Structures are given as C-alpha cells and as structure tokens.
Peer 1: 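First, the structure itself, so that you have it in front of you.
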Amino acid sequence: MTLDQLPQNTPAQITGFTDDQQNAYPLSVLGVTPGATVTHLNTAPLGDPIQVRVINTYLSIRKQDASQIRVAIL
C-alpha cells in the first residue's frame with residue numbers, strides 16, 4: 001500500500017519507496033524514512049495535497065509524492 005491509499009487516522013510504518021527514487025531524498029530530509037511512523041490526517045477539499053504526521057512533524061505532501069511512499073498498517 002502507498003501513503004496516498006492509507007485511510008485517514010490510521011497509523012502506519014513507512015517501509016520504503018517505489019521504484020521512482022527521484023523524490024526520496026527531499027522527503028527523507030523531512031523525516032520520511034523507512035521505519036518512521038506516519039498517520040494520514042486530512043485531505044484537501046479537491047484531494048491534493050494530503051496532511052500527514054511523520055513521528056511528531058506535520059507535513060502537507062502532494063498526492064503524487066505520497067504515491068511514491070510505501071507503508072504497512074500497524
């Protein structure tokens with residue numbers, strides 16, 4: 001499952017990135033790294049971006065970028 005598919009208010013663990021590693025580094029600087037806990041909090045009215053909490057940091061991530069992050073529900 002990818003982060004954009006994660007139901008709201010469901011905690012998950014980041015397991016890695018999809019094959020397209022182009023956006024992996026900028027996200028990893030923000031704490032989006034394998035092993036981190038992430039929760040999908042809200043979605044903008046038009047569906048993009050989504051608000052997530054990674055550890056204790058709140059981020060707004062484009063849906064396109066969220067589709068590159070693999071997660072496993074805890």
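Values in this document were obtained by computation on a predicted structure and should not be read as measured data.
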Peer 1: Please give the remaining members of the hydrophobic cluster of Y58, linking ILVMFWY side chains under 4.5 Å, ordered by chain and number.
Peer 2: L41
Peer 1: Please give me the minimum heavy-atom distance between A66 and T2, naming the atom from each residue.
Peer 2: O-CB, 4.0 Å
Peer 1: Nearest 0.5 Å, what's the NE2-CG distance between H40 and L3?
Peer 2: 7.5 Å
Peer 1: How far apart are the C-alpha atoms of M1 and I73, what are their side-chain angles, what is the distance that settles it, and do they pass the side chain to side chain contact (heavy atoms under 4.5 Å, CB included) test?
Peer 2: CA-CA 9 Å; M1 165 184 295; I73 295 176; 4.0 Å; yes
Peer 1: I need the R62 CZ to Q68 CD distance, nearest 0.5 Å.
Peer 2: 10.0 Å
Peer 1: Let me have the donor-acceptor pairs involving side chains of residues 29-38, under 3.5 Å, with sequence neighbours excluded, atom names and distances please.
Peer 2:
none

Peer 1: As a test of understanding, state which of D4, T15, I14, T18 forms a side chain to side chain contact (heavy atoms under 4.5 Å, CB included) with I69.
Peer 2: I14
Peer 1: Under 3.5 Å, sequence neighbours excluded: what are the donor-acceptor pairs made by side chains of residues 47-56?
Peer 2:
from : atom 1 : to  : atom 2 : distance (Å)
D48  : OD1    : K63 : N      : 2.6
Q51  : OE1    : N42 : ND2    : 3.0

